[in-house]
Protein chains: 2
Amino acid sequence: MATATLTTRQNIRQTAQKLFRERGYAAVGMRELAKEVGIEAPSIYNHYKSKDDLLREICFDIAAQFFKAFEEVDLNEKSATKKMRAAIKGHVSVIADNMEASAVFFQEWMFLEEPNLAQFKKLRHEYELKFRDIIDKGMKKGDFKTMNLKLVTFTIFSALNATYDLYKTSEKLSPDQIAEDIAGLLLKGLKS
Amino acid sequence: MATATLTTRQNIRQTAQKLFRERGYAAVGMRELAKEVGIEAPSIYNHYKSKDDLLREICFDIAAQFFKAFEEVDLNEKSATKKMRAAIKGHVSVIADNMEASAVFFQEWMFLEEPNLAQFKKLRHEYELKFRDIIDKGMKKGDFKTMNLKLVTFTIFSALNATYDLYKTSEKLSPDQIAEDIAGLLLKGLKS
DNA sequence: CCCCAAAACTAACACTTGTTTGTTTCAAAT
DNA sequence: ATTTGAAACAAACAAGTGTTAGTTTTGGGG
């Protein structure tokens, strides 16, 4: 059990992640959130500036984790195939380690208000470009078959980002195993 | 121009599809919807019983289209590979022909109220089983490599259901071309 | 013990939510 | 020209929205 005793702030955030995922950001009220935490709604504002602030913290924290996971991959791996496999593994691991939060990241980000929304989109685009870059270089070196780059990147991301749904329904598959299997399926499709 | 002159009912539905997709079901109010249609909110209730009724019609209509598209595939194709390719094509075509509605189908269905929600889940599960069945038989016949069935089905669905996002950003790719490319990528990964 | 700040509370504000009621408009059929 | 039913409307309801103001509780440091 990593959960010793949560601070109220941590408790609010964790509960928000759960509720936002279960019922959607717009459908969850501050009073409902507060009740689940065990406090009154106004008390939340001692810890977060606004509802949007809460969503912002959740989304941007996951974004940072994706970038961090990728950084290690980019430094340690050389060939396009190995980089891709490692990137997929890192990405899936972040999702696996933050199931609720990453579900919010993927499904509720559009409720961010400006300027957070614009910054979020920018970050996400940067991250996608990193993946696309690996694939592009792999194609040019002949490791991967030449195909529509945008479509391929999209397909891969879609598959990866559904990992969350997989966890819910699946007979216990480990994150590593899921990452391995998805990587296997997709890389075989990429290979020239 | 297929749009000769829409009935008010059709107008409401089409506008609802657009708004629900753009801003999410919970975030769209009846007054906002009405305004976009050019009427007052209470007038909507001359055409739909409730907000939920609107969502129900959108979601279940798309569901019916998926089933219809699959039916033809199942009758006309024989080998697992051909069936799979045709099923993917049919699925993507339904999305391509109903971009807004299918986006709502995939992202807003959880806002359905009971008993619609339960029925929707059941339908969706049935549809998934049809795909899984093709893959399963393909594996047993040796056309496809034996892998975790649930994971494979999930990965494929995830890729297919992101088609909508692809349309928005992509340099004009035809539905057929998208279906072809995705099918190519995924089937190669499946092949034994 | 007292103080002070962090964090909880109650009450309220201004506004929006989906929906209902009762009435009026309007176009097609008699 | 009159009837009729569909579809529009304005007004309102009860409940819920995020948030703020002002106050009380709480728990650790001097």
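Sequence lines set the chain letters: A, B, ... in the order given, protein chains first and strands last, and positions in each chain run from 1. Excluded from the calculations below are hydrogen atoms, water molecules and symmetry mates; all remaining heavy atoms, backbone and side chain alike, are included.
Looking at A/Glu180 and A/Lys89, a side-chain N of the basic residue comes within less than 4.0 Å of a carboxylate O on the acidic one, giving a salt bridge. We find that A/Glu113 and A/Arg56 are not joined by a salt bridge, their nearest charged nitrogen and carboxylate oxygen being 4.0 Å or further apart.
Put simply, the side chain of B/Asn46 and the base of D/dA6 share no donor and acceptor less than 3.5 Å apart. Taking only distance into account, the side chain of A/Arg31 meets the base of D/dG18 through a donor-acceptor pair shorter than 3.5 Å.
Comparing D/dT19, D/dA8, C/dT19 by their closest approach to the side chain of A/Ser50 singles out D/dT19. Between D/dA8, D/dA21, D/dA11, one nucleotide has an atom nearer to the side chain of A/Pro42 than all others, and that is D/dA21.
Residue-level contact check: B/Val28 touches the backbone only, with heavy atoms under 4.0 Å from sugar-phosphate atoms and none from bases.
Note on A/Ser43: every side-chain N or O is 4.0 Å or more away from OP1 and OP2 of C/dA7. Residue B/Thr8 places none of its side-chain N or O atoms closer than 4.0 Å to OP1 or OP2 of D/dA7. Note on B/His47: every side-chain N or O is 4.0 Å or more away from OP1 and OP2 of D/dA6.
For the pair B/Arg23 CZ and C/dT16 C1', the computed distance is 13 Å after rounding to whole Å.
Looking at B/Glu77 and B/Glu72, their side chains never come closer than 4.5 Å, going by heavy atoms from C-beta outward.
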